Amino acid sequence: MFFKKRCSLAEKGNRESIIKLYRKAWLGGYAIGAFNFSTMDLVHGIHETAIAMKAPVIIATSQGERNFFGCEESVAVYNVLKARHPPTILHADHTKTLEELKKVVDAGYPSVHFDGSGLDYLTNLEQTRKAVEYAHAHDVFIEGELGGIPGGSSLHKESIKSVAKEEYLTHPEQAKDFVNRTGVDSLAVNVGNAHGIWKDAPKLDFKRIQKIKELTGKFLVLHGGSGIRPIDFRRAIAHGITKININTEMRIAFEKAIEQGLAERTDDTPYKYLGHAHEAVAKVVRDKIVIFKSEKKA
Ligand SMILES: [Zn+2]
């Protein structure tokens with residue numbers, strides 16, 4: 001069983017340095033991978049790969065992952081990693097209330113995502129504006145979201161068509177209005193993507209990505225990266241995506257590796273059977289860094 005840990009450790013991030021990393025990626029034609037973690041095995045698998053490949057990297061936690069790992073613990077780990085390899089960003093994925101956003105900002109997360117996509121447009125606008133005000137006052141980089149990104153970070157049996165609805169897509173003109181009125185640093189968009197891995201690969205709307213990029217001038221974020229074809233990642237980056245989130249593939253690799261480690265173990269030493277997970281996660285990260293072209297960009 002796990003319990004909720006408090007988030008109270010206050011330490012400022014550095015918004016300007018994060019903006020510089022994103023800008024460098026956009027101008028350099030590559031994307032920064034954002035990989036989720038909830039255990040140290042995942043953190044090691046992600047971060048050691050990033051160091052070995054000299055790639056800037058984002059380590060992220062969803063709300064459930066934060067509750068499990070602990071906000072203060074996440075920030076403490078981030079401070080250790082940052083000292084070893086500067087282009088590392090700790091990011092709070094999908095905070096859905098101002099209360100949750102303030103909690104992670106106060107804990108010392110240097111980067112946050114405020115997801116008001118479940119709200120009606122004007123409420124999303126108003127809540128995101130308040131979130132931006134709080135984040136910027138604390139030197140924190142903030143990602144907004146417009147257009148709902150359906151699905152959870154898991155393996156789905158259905159076709160992605162079952163959740164790919166026109167009403168979820170991000171509309172370029174509305175995106176322009178949204179970023180102008182909220183002041184977000186980056187924007188998560190729905191361009192045909194969904195969380196999780198589906199029976200078929202998503203059909204991304206590259207023209208929509210390009211139009212949103214042209215009208216907003218903001219860094220664009222692609223959620224639900226697991227299951228997207230390598231060629232589509234490349235095209236998405238070329239059309240305006242700068243950050244790509246990967247979670248489901250990590251979860252699946254981790255689970256399979258643990259199962260294998262347990263099946264093959266000859267004694268009860270945790271680091272022996274957990275070692276499989278470390279390498280399995282590293283493989284996912286390595287493949288994505290190559291596809292995102294962020295190798296040797298740190
Ligand atoms: Zn997401």
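None of these values were measured; they are calculated from a predicted model. Atoms within each ligand, like the ligands themselves, are counted from 1 in listed order.
- Checked against the 6.0 Å centroid criterion, the rings of His156 and His195 do not qualify as a close aromatic pair.
- Looking only at atom types and distance, the side chain of His278 has a donor-acceptor partner in the side chain of Glu48 under 3.5 Å away.
- Taking the centre of each ring, Tyr22 and Phe219 come in below the 6.0 Å mark.
- Judged by the 6.0 Å and 45° rule, Lys213 forms a cation-pi pair with Trp26.
- Under the 6.0 Å distance and 45° angle rule, Arg15 does not count as a cation-pi partner of Phe141.
- Remark: Leu27 CG is packed, more than 12 non-hydrogen atoms of other residues, nucleotides or ligands lying under 6.0 Å away.
- Around the Zn ion (ligand 1), the protein contributes the following N, O or S atoms at distances under 2.8 Å: His94 NE2, His195 NE2, His223 ND1.
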